[in-house]
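Beneath this line is the structure, given in structure tokens, with notes to follow.
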Amino acid sequence: MLDKIFHPGEVEARLYAQWEDSGAFRAGSKTGMPSFAIVIPPPNVTGSLHIGHALNNTLQDALARFERMRGKNVLWQPGTDHAGIATQLVVERELAKRQMSRVKMGREKFLEEVWRWKEESGGTIVRQLRRLGASCDWSRERFTMDEGLSRAVLKVFVALHKEGLIYKDKRLVNWDPRLQTAVSDLEVENIEVKGKLWHIKYPISGEAGRFIIVATTRPETMLGDVAVAVHPSDERYTSLVGSQALLPLANRPIPIIADEYSDPEKGTGAVKITPAHDFNDFDVGKRHGLAPLNILTKEGALNDLVPDAYRGLDRFEARKRVVADLDALGLIEKTEDIVHAVPHDEKTKTVVLEPYLTEQWYLNVTPLAEKALQAVEEGRTRFVPEHWTNVYYNWMRNIQPWCISRQLWWGHQIPVWYGPDGGIFVEETESEARAAAKKHYGREVALNRDPDVLDTWFSSALWPFSTMGWPDKTPELKRYYPTSVLVTGFDIIFFWVARMMMMGIHFMGDVPFHDVFIHTRVLDEKGQKMSKTKGNVVDPLDIIDEYGADALRFALAIAAGQGRDIRLGINRVETCRNFGTKLWNASRFCEMNECVRKREFDPATVELTVNKWIVAETARTVSEVTTALEAYRFNEAAGAAYHFVWDVFCDWYVEFIKPVLNGNDEATKAETRDTAAWTLDRILQLLHPFMPFITEELWTRMAEHAVPRRSMLMLSPWPDLSTLPQHEEARSEMNWLIDLISGVRSVRAEMNVPPSARLTLLLKGASVETSLRLATHRDVALSLARLSSARVTADIPQGSAQFVIGEAAAALPLGDVIDFAKERARLEKELKKSEDEIARFDAKLGNPGFVAKAPEEVIEEQKEKRAEAEAVAVRLREALKRLSA
RNA sequence: GGGCGCGUAGCUCAGCGGGAGAGCACUACGUUGACAUCGUAGGGGUCGCAUGUUCGAUCCAUGCCGCGCCCACCA
């Protein structure tokens, strides 16, 4: 016997182990069946599961389980990402706690430390994914820095270099002075901060007392100025073009040049040109043949190219000093308070990034982007929802070279070796590089390997094929590439999706996935982004502990619409947990009534109206859920199943069959039991992609008293009920009945003339509006009696109720469950409380029964209504009779 | 500045050419034999505003207002 509620904590671990041990998660290899593959967006190996992961993996798991049940060969490829910067930061922080540092340890020792850290904490997120129920093929788990994937990375780098697409260049990059590494444009987060705009007077050489005024938010960089630019057509400055300004503090003459970049509308119309510290200025400098003057160190302090007084000062310190000194010289024309966007590092959002002149490795992605663009234009890869296509297009069409080198230690070290004269040897291994160098120099030479590592996203870009064994020609690649769908959030469309497209097409000759489903973000219940600093983080593991994984998964899935962000309040999870309880208890009802599975049961053969109806409704629901899942409309799929279980199966079917199951007709009872059991099985299957644990548990438990199951629910075939009869007649009859019962609009209990009470049900004409549920016949009586306008009659036979529709009356059998004496007593009590209500009701209804002398037209009207109602009553009686016969 | 998304019941949202819905919250009643993690009933909305298309608009078009996000600029 099932307990009254489901205890997720007691079954989840057991079921998961059972699934995993059985090999049910393993990539399928059934011949002749289509394939379905998803690669997981690899989470940071040292991370832990946040609510966004929970959503992402719930959706993937729903698809994987769905397709597995549909008989496809499913591969859900799991793994983790080495997450260069994030992981290095974490480990450095740990080292700091032990009074150690990366630099002191040296590269080799440090890397050992990171690997150790990875071994220790790397299992966390993977364990947490298991708690969520993720049915990944763990036997194929990969890590972006494991041997195979590293080999793929090297191969790709070397190949792209040989094709001339990877090259070294010296230009401005976004520099993180704390980590002392370059980061890509995408890793920059522009944050609005309060700042100042200083208007600085630059004296004109040889013209005492004449100045050109420039406005800047970064006065310290003026020490690296190489020019002042004005717009060619800006008449205010025409006379100055060609003159020299004397750069204050540095006392260095710089030219005043004309360049279209200068915007007469902005600032003073004259702009200082600092090519080494501003992206636009870099271009201006290039146009005018002005060499950049780098005045910063890697740490973001001023270097030796500035006057003594400023050397070694941190950039912010230097700013204060420069402003103070300029002010003392009377060279500050004015200072404005402004709010402007300043580039910060996206991880901690605390470090101001610098445009910084360095030599880095770049990947020329333009040719790759063209093909990636074309693939989407041609529909070979499709974004869902479609509007993300434009986001992808816009970025791809304006793509910039990808800076792929990072000055970190944790990551794939770039396979480049330098000879004594700076000769470059790009090979997959050191020995190959050595051989190449030997060939080049004609002798053995000492080589130095480039110390930099690759951007983390470089290896992620290869994920769909590197995890399947590329560059080897593996059966997995053959079977599963291109993958079916990528499920991810919009925040990594550029970082990851676009780059996988480019690399996939380039190296595999085909797109990495057919569909890209972009899901929304999960916010807190107030619609705020979850963040540690705000303290509004909802930990999915806490939710799983308290409500079970199914409740969390269902809450996420049913909220996963196509447009707006998901606001996850805990009450949503509660609702879904309650839904699980409802399902559990519906199963309990079936169990108590011995509704057990019969293998030979054929739903097409049922004869009772109520059974025909539920069979047809089940088929419709299966079709709805299937269609919705195929289109990634998770909310609709989960919603359709929810609605069917609660509003159709529990509220109506179970209530309708109670009198049948309590009746004496063994044949109809048997059919009904079989149908109920069959329907419940279909429900479990429909819900399994969303609520794997509770459904699997019920699947097993419900078979305890029936024909044992051949296999686990997760391996059962997805129902295809498309060939079942539609049973239009039964459906329309049941719908009519449900509408009618729902339409009992106003019912009043009234002790009319004691002791002769009557139970009267007033249906509002033949039309219907809200809902009174026909639970059991007894429930009908109770509900009716409870409501505001029912009359209990002692003069009708016990066990039947008289329905009055309009003025027409129809007796309806109620079985033998009503104790009229008791009900009457209760009603009397209740009525005393609600006399006011009755009065109001009478007034509202203008109950003609109480009108002594009704006008002719009222009587006529009543007659019509009566005739109409009589017909309804007759039909109702017939319908209820047919339910159980 | 460019682009995208969203404004529907107190809250969170679904619906998107012909009856305005769900969950939560609220009110009243009810522990009955699957389920109080429940049931029954009830209150509550000029579907952001305006114009247009249409026999008919919450739904389509245009404009406006408000909110959010992305990209760019960032003197």
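In what follows, every chain begins at residue 1, and chains take the letters A, B, ... in the order their sequences are listed.
- Using bins of under 30°, 30° to 60° and over 60° for the plane-to-plane angle, the ring pair A:F490/A:W388 lands in the parallel bin.
- Distance from the side chain of A:W646 is smallest to B:G39 among B:A34, B:G39, B:U37.
- If you measure from atom CD1 of A:I338 to atom C1' of B:C73, you get 13 Å, rounded to the nearest angstrom.
- For the pair A:R588 and A:N585, the minimum side-chain heavy-atom distance is below 4.5 Å.
- Separation of the A:F6 and A:W584 ring centroids falls under the 6.0 Å cut-off.
- For the strand RNA chain B, secondary-structure stems (runs of at least three Watson-Crick or G-U pairs, all distances below 3.5 Å) span B:1-7 with B:65-71, B:10-13 with B:21-24, B:26-30 with B:38-42, B:48-52 with B:60-64.
- Between A:P255 and A:L290 the shortest side-chain heavy-atom distance falls below 4.5 Å.
- Base contact: A:S262 has a heavy atom under 4.0 Å from a base atom.
- Using a 4.0 Å heavy-atom criterion, one finds that A:C590 contacts no nucleic acid atom at all.
- Closest contact between the side chain of A:R521 and the listed nucleotides B:C38, B:C69, B:A75 involves B:C69.
- Only the P atoms considered, B:G7 is 12 Å distant from B:C59, to the nearest whole Å.
- Between the P atom of B:C73 and the CD atom of A:E192 lies a distance of 14 Å, rounded to the nearest Å.
- Rounded to whole angstrom, the span from the CD1 atom of A:I566 across to the P atom of B:C6 amounts to 15 Å.
- B:A61 and B:U54 have their P atoms separated by 16 Å, with the value rounded to a whole Å.
- Between A:Y653 and A:F649, the angle of the ring planes stays under 30°, which puts this pair in the parallel group of the 30/60° scheme.
- Counting heavy atoms from C-beta on, the side chains of A:I200 and A:K272 never come closer than 4.5 Å.
- One can place CG of A:D491 at 16 Å from C1' of B:G68, the figure rounded to the nearest angstrom.
- Within the nucleic acid shown, A:Y261 comes within 4.0 Å of at least one base atom, counting heavy atoms only.
- A:F579 and A:Y642 have tilted rings, their planes meeting at an angle from 30° to 60° on a 0 to 90° scale.
- Contacts of A:I5 with the nucleic acid, taken as non-hydrogen atoms under 4.0 Å apart, include base atoms.
- B:C16 and B:U58: their P atoms are spaced 15 Å apart (whole Å).
- In this model, a donor atom of one side chain and an acceptor atom of the other lie less than 3.5 Å apart for A:E187 and A:S184.
- When every heavy atom of A:I212 is checked against every heavy atom of A:A245, the shortest pair comes out as CG2-CB, 4.4 Å.
- Comparing the P positions of B:U27 and B:C69 gives a spacing of 35 Å, expressed to the nearest Å.
- Counting heavy atoms from C-beta on, the side chains of A:H231 and A:D259 never come closer than 4.5 Å.
- Here the P atom of nucleotide B:G7 and the CZ atom of A:R567 are 11 Å apart, to the nearest Å.
- Between A:W584 and A:H387, it is A:H387 whose nearest contact on RNA chain B lies nearer the 5' terminus.
- Atom CG of A:N190 and atom P of B:C69 are 14 Å apart (whole Å).
- At B:A75, none of the side-chain N or O atoms of A:T268 fall inside 4.0 Å of OP1 or OP2 (strictly under the cut-off).
- Counting any heavy atom pair closer than 4.0 Å across all strands shown, A:V271 reaches a base atom.
- In this structure, CD of A:Q400 is placed 12 Å from C1' of B:C71, rounded to the nearest angstrom.
- OP1 or OP2 of B:C35 has at least one side-chain nitrogen or oxygen of A:K4 nearer than 4.0 Å.
- Side-chain atoms of A:N394 lie closest to B:G3 of the nucleotides B:G3, B:C73, B:A75.
- Comparing B:U37, B:U12, B:A75 against the side chain of A:A215 picks out B:A75 as the nearest.
- If you take atom C1' in B:U8 and the same atom in B:A34, they sit 36 Å apart, rounded to whole Å.
- Comparing B:C4 with B:A72, their C1' atoms are spaced 14 Å from each other, to the whole Å.
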- Heavy-atom contacts, protein to nucleotides 20-25 of chain B, under 4.0 Å, summarised as B (base), S (sugar-phosphate only) or - (none) per nt, yield ---SS-
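- Atoms CZ (A:F490) and P (B:C69) sit 10 Å apart, rounded to a whole Å.
- In terms of position along RNA chain B, the nucleotide closest to A:E636 lies nearer the 5' end than the nucleotide closest to the other residue of the pair A:E636 and A:A341.
- Remark: the separation of the P atoms in B:C60 and B:G5 is 12 Å, to the nearest Å.
- Side-chain contact check for A:L568 versus A:I543: some heavy-atom pair is nearer than 4.5 Å.
- Ring planes of A:W395 and A:F494: parallel class, angle under 30° (limits at 30 and 60°).
- One C1' atom belongs to B:A25, the other to B:G42, and the distance between them is 14 Å to the nearest Å.
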